[in-house]
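First the proteins, then the strands, lettered A, B, ... as listed; each starts at 1.
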Protein chains: 2
Amino acid sequence: MDDHATEAEFEHLLRSADLRVTRPRLAVLRAVRRHPHADTGSVLAAVRSEEPTVSHQAVYDVLGALAESGLVRRIQPAGSVARYELRVGDNHHHVVCRSCGVVADVDCAVGVRPCLDASDTHGFVVDEAEVTYWGLCPACSTDTAT
Amino acid sequence: MDDHATEAEFEHLLRSADLRVTRPRLAVLRAVRRHPHADTGSVLAAVRSEEPTVSHQAVYDVLGALAESGLVRRIQPAGSVARYELRVGDNHHHVVCRSCGVVADVDCAVGVRPCLDASDTHGFVVDEAEVTYWGLCPACSTDTAT
DNA sequence: CCCCTTTTCTTGAACGAGTCAAGTTTTTCC
DNA sequence: GGAAAAACTTGACTCGTTCAAGAAAAGGGG
């Protein structure tokens with residue numbers, strides 16, 4: 001993996017979002033790339049394996065700034081803490097395991113927001129349709145079956 | 001409104017779910033009927049206007065038991081606390097205001113779960129497709145526009 | 001290359017929704 | 001009416017997240 005190239009890419013992403021390039025931010029981007037759908041705690045742990053002095057508050061701030069700029073996407077299935085992923089811009093969806101909470105990506109047939117039209121939105125101006133599929137992951141469904 | 005009839009209906013609902021009929025449970029059902037999409041705090045307040053001695057823990061327990069039995073539905077849009085509604089069984093969806101958080105119902109064209117098929121669920125056994133429409137409610141969109 | 005301004009990060013306290021646990025009360029069935 | 005099981009009260013507690021104040025670092029102009 002060409003880490004130098006992606007490092008430069010991350011720098012460019014940050015600058016184009018008017019965000020300063022800092023070690024904590026680069027470490028968070030690397031962590032989210034390596035651990036898709038990780039929660040804040042996991043991101044913090046991954047960040048600290050490279051940058052041990054980064055505070056938990058910095059990770060919250062960074063994830064918030066990146067999410068607001070659209071560089072990462074924040075998802076929060078019911079009953080779960082916030083999770084983050086680097087894959088943005090394709091409006092894909094997620095399937096969540098009711099038992100263990102693990103998350104996987106599901107491609108959106110349409111790919112642009114909003115991919116669904118609501119019948120009657122009561123005057124709301126809708127810009128996104130978020131789909132969450134609920135069920136059991138392969139591991140949990142075999143546990144239950146036997 | 002024929003309160004006695006619906007009261008008997010609530011009793012029947014509880015009994016058919018193998019749940020004992022108690023004053024806190026009836027009060028919670030009335031509160032959720034009167035305040036669709038209310039969070040736990042609002043349900044607690046509504047319950048206490050009729051039954052001032054009900055504890056907050058009882059409301060958590062009751063809402064949990066009712067949700068598990070399928071008598072109420074729990075929803076939790078990202079960034080929101082848990083909310084509850086009596087309308088169950090039709091797999092309808094929700095539109096949520098990004099600005100003020102207010103929730104409204106959106107009918108599902110299909111009406112039975114799961115109403116959408118995922119392209120590739122990575123081996124997950126999917127039983128529900130939950131759709132959340134995001135946008136601005138009428139009040140917030142006019143505030144922003146002007 | 002250095003300084004200044006602004007942004008970002010560290011530290012540490014605080015908040016709030018939700019949960020846990022022990023003991024008491026209420027419901028239901030016989 | 002009495003026993004067993006379920007539900008409720010009370011109060012402490014957890015944990016993800018946020019708030020606030022000051023220190024550090026990034027980036028642009030001289």
Side-chain angles (χ1 to χ4, degrees), chain A residues 7-8 10-29 31 37-48 50-69 71-72 74-84 101 103, chain B residues 7-8 10-29 31 37-48 50-69 71-72 74-84 101 103:
Chain A
E7 203 71 354
F10 284 157
E11 285 199 30
H12 182 70
L13 278 173
L14 288 169
R15 287 190 209 284
S16 60
D18 271 313
L19 293 173
R20 293 183 178 176
V21 177
T22 66
R23 295 172 69 76
R25 283 178 176 167
L26 292 172
V28 166
L29 284 169
H37 311 131
D39 60 26
T40 310
S42 305
V43 172
L44 178 59
V47 165
R48 283 189 172 157
E50 312 184 328
E51 305 276 349
T53 65
V54 171
S55 67
H56 84 129
Q57 184 63 10
V59 172
Y60 275 98
D61 287 349
V62 169
L63 287 171
L66 296 179
E68 198 175 353
S69 311
L71 270 59
V72 304
R74 171 193 274 135
I75 62 170
Q76 191 169 5
S80 167
V81 297
R83 296 170 175 274
Y84 297 87
V103 177
Chain B
E7 203 71 357
F10 284 157
E11 287 198 29
H12 182 71
L13 278 173
L14 288 169
R15 288 191 208 283
S16 60
D18 270 314
L19 294 173
R20 293 184 176 174
V21 177
T22 66
R23 296 172 68 77
R25 284 177 175 167
L26 292 172
V28 166
L29 284 168
H37 311 129
D39 60 27
T40 310
S42 305
V43 172
L44 177 60
V47 164
R48 283 191 171 155
E50 311 184 328
E51 305 275 350
T53 64
V54 172
S55 67
H56 86 128
Q57 184 63 11
V59 171
Y60 275 99
D61 286 349
V62 169
L63 286 171
L66 296 179
E68 199 175 352
S69 310
L71 269 59
V72 305
R74 170 194 274 136
I75 62 170
Q76 190 170 5
S80 167
V81 297
R83 295 168 176 277
Y84 297 87
V103 177

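- Under 3.5 Å, the side chain of B:Arg23 and the base of C:dT26 form no donor-acceptor pair of N or O atoms.
- Screening B:Leu71, B:Leu44, B:Leu63 against B:Val28 for a side chain to side chain contact (heavy atoms under 4.5 Å, CB included) leaves a single residue, B:Leu63.
- Taking only side-chain atoms of B:Ala58, from C-beta outward, the nucleotide of D:dT9, C:dC9, D:dA7 with the closest atom is D:dT9.
- Exactly one of A:Val62, A:Leu13, A:Leu66 qualifies for a side chain to side chain contact (heavy atoms under 4.5 Å, CB included) with A:Leu19. That residue is A:Leu66.
- Counting atom types as modelled, B:Arg25 pairs no side-chain N or O with a base atom of D:dA7 as donor and acceptor under 3.5 Å.
- The side chain of B:Arg15 sits closest to C:dT28 out of D:dG27, D:dT10, C:dT28.
- Enclosure of atom CD in B:Glu68 is not indicated, since only 12 or fewer non-hydrogen atoms of other residues, nucleotides or ligands lie within 6.0 angstrom.
- Remark on DNA chain C: of its neighbouring residues A:Val59 and A:Arg20, the 5'-side contact belongs to A:Arg20, judged by nearest-heavy-atom nucleotide.
- Using a 4.0 Å heavy-atom distance criterion, B:Ala65 is classed as making no nucleic acid contact.
- A residue-by-residue look at B:Tyr60 and A:Asp18 shows that A:Asp18 has its nearest nucleotide of DNA chain C further toward the 5' end.
- Checking C:dT10, C:dA13, C:dT19 against every side-chain atom of A:Gln57, the shortest atom distance belongs to C:dT10.
- Across all strands shown, A:Thr22 has heavy atoms under 4.0 Å from sugar-phosphate atoms exclusively, and none from any base.
- For B:Thr40, a side-chain nitrogen or oxygen approaches OP1 or OP2 of C:dG18 to under 4.0 Å.
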